[in-house]
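Let me begin by presenting the structure, written as structure tokens, before commenting on it.
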Amino acid sequence: MKIQIHDVLSLSGRDYVVEGLVSVQMAGKTTAVARAVDGADVLWIESPEDSLLVFRQIKDLDLSPPPPESISYHGLSYVLRLAGRAALEIKGDVPERTAGRAQLWRYRTAGDRILQIEEEKGRLFMLAGQSMHRGMIDHLPGR
């Protein structure tokens with residue numbers, strides 16, 4: 001699923017409009033993460049080939065970079081699965097993030113839950129989410 005700005009993504013009875021995209025280039029691969037909004041509710045959606053990753057920003061994880069090899073968050077133990085330097089490009093409305101270089105760490109736990117931590121220009125941006133089957137989200141292309 002190729003997500004573009006102005007697309008509508010429907011999940012759990014709510015419609016989210018894609019206001020911005022973050023292109024993340026890391027280790028020779030580029031992924032796009034959509035910032036989808038319904039009022040004050042913001043989802044971050046990544047669409048790899050086999051599933052969808054749906055995240056929400058978190059601010060209740062107290063740590064400083066670099067994070068440890070494993071993290072306990074909300075009663076679950078997450079294990080580091082990916083780490084490295086990334087280049088971020090921004091399109092559209094993405095006020096929470098800035099373009100440029102960032103250090104990225106991605107963790108996984110049972111049930112295909114994911115934590116992602118980014119450090120860019122001395123500040124942390126953290127996401128928590130999970131993998132979902134593509135059929136869980138309806139994609140309506142925008143104009």
Side-chain angles (χ1 to χ4, degrees), residues 1-12 14-134 136-142:
M1 167 186 325
K2 184 168 171 85
I3 301 172
Q4 300 290 326
I5 295 174
H6 304 299
D7 287 358
V8 175
L9 304 172
S10 293
L11 171 67
S12 301
R14 293 183 73 174
D15 293 336
Y16 295 84
V17 177
V18 176
E19 292 186 345
L21 296 170
V22 179
S23 175
V24 180
Q25 184 178 29
M26 183 175 171
K29 293 176 74 175
T30 301
T31 59
V33 181
R35 181 181 182 270
V37 178
D38 178 21
D41 194 19
V42 177
L43 295 180
W44 298 88
I45 301 173
E46 184 177 329
S47 181
E49 297 168 7
D50 56 346
S51 64
L52 290 170
L53 304 178
V54 179
F55 299 97
R56 291 184 188 278
Q57 184 177 3
I58 59 171
K59 296 181 180 183
D60 62 343
L61 181 59
D62 186 25
L63 58 82
S64 58
E69 293 289 316
S70 65
I71 295 174
S72 178
Y73 180 68
H74 287 218
L76 297 172
S77 291
Y78 291 82
V79 178
L80 183 63
R81 292 292 182 224
L82 175 70
R85 299 284 299 159
L88 307 178
E89 291 183 23
I90 307 292
K91 292 181 185 168
D93 186 20
V94 186
E96 302 89 343
R97 299 165 91 176
T98 56
R101 295 269 178 209
Q103 183 69 31
L104 185 142
W105 299 269
R106 185 170 277 183
Y107 295 78
R108 287 196 180 255
T109 193
D112 225 5
R113 293 189 177 274
I114 303 162
L115 279 178
Q116 181 163 306
I117 300 167
E118 299 171 20
E119 179 190 25
E120 53 183 320
K121 298 178 182 168
R123 69 182 188 104
L124 290 179
F125 181 76
M126 297 179 283
L127 298 167
Q130 64 187 4
S131 175
M132 292 183 146
H133 186 274
R134 287 183 178 275
M136 298 296 293
I137 295 181
D138 292 324
H139 177 221
L140 305 166

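What you see below is based on every heavy atom in this structure, not just the backbone, and it leaves out hydrogens, waters and symmetry mates. Quantities reported herein were computed from a predicted structural model and do not represent experimental measurements.
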More than 12 heavy atoms of other residues, nucleotides or ligands under 6.0 Å from CZ of Arg56: is that the case?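 Yes - once you tally the heavy atoms of other residues, nucleotides and ligands closer than 6.0 Å, there are more than 12.
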
Does CD in Glu69 sit with more than 12 non-hydrogen atoms of other residues, nucleotides or ligands closer than 6.0 Å?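 Result for CD/Glu69: open.
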
Shortest non-hydrogen separation from [X] to [Y] and the atoms involved:
| X | Y | value |
| --- | --- | --- |
| Ala83 | Gln103 | C-NE2, 4.4 Å |
| Arg101 | Arg85 | CB-NH2, 3.2 Å |
| Ala86 | Leu104 | CB-CB, 4.5 Å |
| His139 | Asp7 | NE2-OD2, 2.7 Å |
| Arg14 | Asp41 | NH1-OD2, 3.0 Å |
| Tyr73 | Ala128 | CE2-CB, 4.2 Å |

Should [X] and [Y] count as side-chain neighbours, where that means a heavy-atom distance under 4.5 Å?
| X | Y | answer |
| --- | --- | --- |
| Leu124 | Leu63 | yes |
| Leu80 | Leu82 | no |
| Val37 | Leu43 | no |
| Gln57 | Lys59 | yes |
| Arg81 | Trp105 | no |
| Leu53 | Ile114 | yes |

Working to the nearest 0.5 Å, report the span between [atom1] of [X] and [atom2] of [Y].
| X | Y | atom1 | atom2 | value |
| --- | --- | --- | --- | --- |
| Arg123 | Arg97 | CZ | CZ | 9.0 Å |
| Phe55 | Leu127 | CZ | CG | 6.0 Å |
| Thr98 | Glu118 | OG1 | CD | 9.5 Å |
| Gln130 | Thr109 | CD | OG1 | 12.0 Å |

Step by step, work out the salt bridge (Lys or Arg N to Asp or Glu O under 4.0 Å) result for Glu96 and Arg35. CA-CA 10 Å; Glu96 302 89 343; Arg35 181 181 182 270; 2.8 Å; yes

If you apply the rule side chain to side chain contact (heavy atoms under 4.5 Å, CB included), what do you find for Leu11 with Ile45, and how did you get there? CA-CA 11 Å; Leu11 171 67; Ile45 301 173; 5.8 Å; no

Take Ile5 and Glu19, measure what side chain to side chain contact (heavy atoms under 4.5 Å, CB included) needs, and give me the verdict at the end. CA-CA 5 Å; Ile5 295 174; Glu19 292 186 345; 6.0 Å; no

Begin with the C-alpha distance, continue with both residues' side-chain angles, and end with the deciding distance and a verdict on side chain to side chain contact (heavy atoms under 4.5 Å, CB included) for Ser77 and Ile71. CA-CA 6 Å; Ser77 291; Ile71 295 174; over 6 Å; no

Scan Asp138, Asp38, Ile137 and name whichever one has a side-chain contact (heavy atoms from CB on, under 4.5 Å) with Ser10.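 Going through Asp138, Asp38, Ile137 one by one, the side-chain contact (heavy atoms from CB on, under 4.5 Å) with Ser10 is satisfied by Asp138 alone.
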
Side chain to side chain contact (heavy atoms under 4.5 Å, CB included) between Leu9 and Leu140: does it pass, once the steps are laid out? CA-CA 6 Å; Leu9 304 172; Leu140 305 166; over 6 Å; no

Phe125-Trp44 aromatic ring centre distance below 6.0 Å: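 Yes.
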
Verdict with supporting geometry, Glu46 and Arg106, salt bridge (Lys or Arg N to Asp or Glu O under 4.0 Å): CA-CA 13 Å; Glu46 184 177 329; Arg106 185 170 277 183; 2.7 Å; yes

Is there a donor-acceptor contact under 3.5 Å linking the side chains of Arg108 and Ser131?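 There is no such pair (donor and acceptor under 3.5 Å, judged by atom type) between the side chains of Arg108 and Ser131.
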
Look only at the side chain of Ser70 and the backbone of Tyr78, and say whether a donor-acceptor pair between them is shorter than 3.5 Å.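 It does not hold such a pair.
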
